[in-house]
Amino acid sequence: MKNSGVERIDEEGIIPESKKLRMAEESSPSPSPSSLAFENPLQKLANYEDDDEEIYQKREAVNRYNDAEYGLDNGQNNDRVEEQDNGDDSDSDSDDEPQLSHAQGRRNRMVEVRRDCPYLDTVNRQVLDFDFEKFCSVSLSNLNVYACLVCGKYFQGRWKKSHAYTHSLEAGHHVYINLQTEKVYCLPDGYEINDPSLDDIRHVLNPRFTKEQVEQLERNKQWSRALDGSDYLPGMVGLNNIKDTDFVNVTIQSLMRVTPLRNFFLIPENYLHSRSTLVHRFGELTRKIWHARNFKGQVSPHEFLQAVMKASKKRFRIGVQSDPVEFMTWLLNTLHNDLKTSKKGNSIIYQCFQGELEVVREIPAKAIAEKKVNGDENNGLSTEGGHGNRNIISESERMPFLMLGLDLPPPPLFKDVMEKNIIPQVPLFNILKKFDGESITEVVRPRIARMRYRVTRLPQYLILHMRRFTKNNFFVEKNPTLVNFPVKNLELKDYIPLPSPKENERLRSKYDLIANIVHDGKPGEGSYRAFVQRKSEELWYEMQDLHVSETLPQMVALSEAYMQIYEQHH
């Protein structure tokens with residue numbers, strides 16, 4: 001029977017409309033990846049399942065199974081109901097949950113889905129920021145976290161007595177998005193909102209790229225507009241300096257110019273096999289930097305920095321200035337180890353940056369004898385061949401490299417006639433002679449030796465490091481020597497001997513600069529900035545944290561280069 005539009009329970013077991021909605025709200029399912037509107041690459045990484053919500057629902061359901069059976073609406077409700085059958089879910093057979101006689105332990109769980117919601121106009125995109133860690137602002141839990149689309153804060157759960165539910169009652173904020181499943185709900189009513197106008201929020205939460213879009217990035221010259229009216233170039237956005245994290249920002253901005261590396265991380269399917277948080281956070285940051293529909297013209301690498309702190313065991317952390325060369329070395333090696341599928345497997349890191357050196361060590365026989373006495377005969381060397389006389393023993397081996405370190409000549413000790421320090425200059429080709437196979441470099445660690453280096457295989461992307469900082473027992477000293485280098489067409493074969501190419505191959509020894517990291521200020525202090533090239537227009541930009549400005553190629557060559565990335569000509 002019906003009275004004033006309200007259905008009552010009769011002998012035929014018709015369930016009232018209000019009770020059905022309450023039951024649907026309290027038994028909303030935890031979504032499966034196949035049911036999501038968009039695939040979330042972090043689905044297997046973080047545990048955002050509604051574990052605690054399900055536990056709560058089961059306890060509440062025990063008290064309600066004796067009141068009425070779960071049933072379908074038989075078409076009397078105008079709103080669509082999404083039905084999920086748990087089937088062989090082991091939870092339905094658990095001892096702490098009564099079994100249903102009509103379903104023999106199978107349970108239908110329903111959640112109402114509406115296309116219209118009266119609260120959609122309260123959504124405030126200006127306050128939404130998905131760059132920070134997905135933790136509840138009250139409980140600090142990362143399980144089942146929702147973002148309030150009205151105030152931007154994060155809350156846990158949507159069941160009764162949860163933090164999101166309580167916030168909806170106290171603040172009158174009704175629209176929430178699950179940060180894991182990207183589904184939007186109205187609280188406290190509990191129904192799901194299925195409205196295409198919310199897709200832009202989902203794209204900002206989890207940017208997506210098709211393979212066709214990735215291929216078009218190099219040719220894209222279009223600017224994007226943020227919500228505040230400012231214009232920005234996708235891929236050339238500033239990175240927030242959280243606290244002394246400029247060494248991370250310049251490293252990320254430089255790596256974003258490496259096309260194969262960027263394209264690899266723009267498609268999450270390429271690294272779904274990796275269980276590394278660092279890999280997925282790096283991919284997430286890459287997609288946010290190149291996303292053309294951001295609400296803001298900058299990105300905060302907060303989640304990536306948290307992953308770095310954990311993976312490096314706080315070797316690199318927020319609030320402590322570090323060396324971008326050390327960070328680059330650690331990051332590339334860690335990403336490679338986390339991406340390779342076998343012990344000797346390859347990865348996108350090695351495909352881009354790995355070259356090979358032939359190293360010849362000339363070691364005094366006296367030093368060898370001392371090592372044998374100390375029980376350290378080989379000292380970790382894998383020697384391919386060696387020859388020598390009574391006084392000198394020569395060892396030769398091949399070793400891979402991801403970066404080449406270049407030694408700068410010492411600066412002059414005296415001032416010029418104007419009582420100012422002379423800033424010396426040196427051509428890049430002079431310091432590259434270290435790798436001609438003939439120049440001798442003397443080292444004292446791990447033992448005294450004379451070293452000769454020769455490049456036997458060039459990488460697709462060549463990273464050079466100018467050793468500007470020297471440490472002693474008292475302080476760190478910075479070498480201000482300027483390095484004169486070409487921005488385009490660096491021809492290596494004219495200055496260092498290179499191996500002959502194989503048949504049907506040509507020697508590719510010409511490189512163009514794509515990124516240049518600079519240190520400004522005193523050693524141990526100061527700041528870092530980067531010059532990077534935008535390939536679509538062949539323009540250069542200076543990037544220092546949130547500051548992004550176009551610059552001239554001549555300005556790039558006048559800077560105190562600290563680390564550079566060169567791209568090989570195809």
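Computation of the quantities below employed the complete heavy-atom set of this structure, encompassing side-chain atoms and omitting hydrogens, waters and symmetry-equivalent molecules. Model, not experiment: these values are computed from the prediction.
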Heavy-atom side-chain contact between [X] and [Y] under 4.5 Å:
{"X": "Ile463", "Y": "Phe353", "answer": "yes"}
{"X": "Val455", "Y": "Leu357", "answer": "yes"}
{"X": "Arg257", "Y": "Ile565", "answer": "no"}
{"X": "Lys510", "Y": "Asn489", "answer": "yes"}
{"X": "Thr245", "Y": "Leu305", "answer": "yes"}
{"X": "Asn270", "Y": "Asn263", "answer": "no"}
{"X": "Ile252", "Y": "Ile289", "answer": "yes"}
{"X": "Ile201", "Y": "Phe295", "answer": "yes"}

| field | Shortest non-hydrogen contact between Val250 and Ser254, atoms and distance | value | O-OG, 2.8 Å
| Shortest non-hydrogen contact between Ile242 and Ser300, atoms and distance | CD1-OG, 4.1 Å
Starting at [atom1] of [X], measure out to [atom2] of [Y] and round the result to the nearest 0.5 Å.
{"X": "Thr481", "Y": "Glu560", "atom1": "OG1", "atom2": "CD", "result": "9.0 Å"}
{"X": "Lys434", "Y": "Leu404", "atom1": "NZ", "atom2": "CG", "result": "8.5 Å"}
{"X": "Phe304", "Y": "Thr286", "atom1": "CZ", "atom2": "OG1", "result": "8.5 Å"}
{"X": "Leu179", "Y": "Glu133", "atom1": "CG", "atom2": "CD", "result": "12.5 Å"}
{"X": "Leu492", "Y": "Arg508", "atom1": "CG", "atom2": "CZ", "result": "13.0 Å"}
{"X": "Met555", "Y": "Glu550", "atom1": "CE", "atom2": "CD", "result": "13.0 Å"}

| N-O pairing of Glu537 and Lys221 below 4.0 Å | no
| said: Taking Arg202 first and then Glu182, would you say they form a salt bridge - that is, a charged N and a carboxylate O separated by under 4.0 Å? | reply: no
| query | Phe282 and ring-ring contact (aromatic ring centres under 6.0 Å, His included): which partner among Tyr271, Phe265, Phe264? | reply | Phe265
| query | Within the side chain of Ser559, is there an N or O that forms a donor-acceptor pair under 3.5 Å with the backbone of Val556? | reply | yes
| query | Are the side chain of His203 and the backbone N or O of Ala292 linked by a donor-acceptor pair below 3.5 Å? | reply | no
| said: For Lys433 and Glu438: C-alpha separation, side-chain torsions, deciding distance, then whether salt bridge (charged side-chain N to carboxylate O under 4.0 Å, His left out) applies. | reply: CA-CA 8 Å; Lys433 289 181 180 178; Glu438 298 179 0; over 6 Å; no
Do [X] and [Y] have side-chain N/O donor and acceptor atoms under 3.5 Å apart?
{"X": "Ser276", "Y": "Asp338", "value": "yes"}
{"X": "Gln321", "Y": "Asp246", "value": "yes"}
{"X": "Thr441", "Y": "Asp407", "value": "no"}

| query | Only one of Arg468, Lys478, Arg529 clears salt bridge (Lys or Arg N to Asp or Glu O under 4.0 Å) with Asp520; which? | reply | Arg529
| request: Check each of Asn220, Leu285, Leu217, Val214 against Trp290 using the side-chain contact (heavy atoms from CB on, under 4.5 Å) test, and report the only one that passes. | output: Leu217
| task | Determine, using ring centers only, whether His569 and Tyr511 are less than 6.0 Å apart. | result | no
| request: Applying salt bridge (charged side-chain N to carboxylate O under 4.0 Å, His left out), run through Lys211 and Glu269 and close with a yes or a no. | output: CA-CA 11 Å; Lys211 292 183 179 180; Glu269 288 78 9; over 6 Å; no
| message | How about CZ on Arg317, more than 12 heavy atoms from neighbouring residues, nucleotides or ligands closer than 6.0 Å, or not? | response | no
| task | Return the orientation label for the Phe327 and Phe316 ring planes: parallel under 30°, perpendicular over 60°, tilted otherwise. | result | perpendicular
| task | Return the orientation label for the His302 and Phe132 ring planes: parallel under 30°, perpendicular over 60°, tilted otherwise. | result | tilted
| task | Tell me, with the steps shown, if Arg287 and Glu284 meet salt bridge (charged side-chain N to carboxylate O under 4.0 Å, His left out). | result | CA-CA 5 Å; Arg287 296 196 303 276; Glu284 191 178 51; 5.0 Å; no
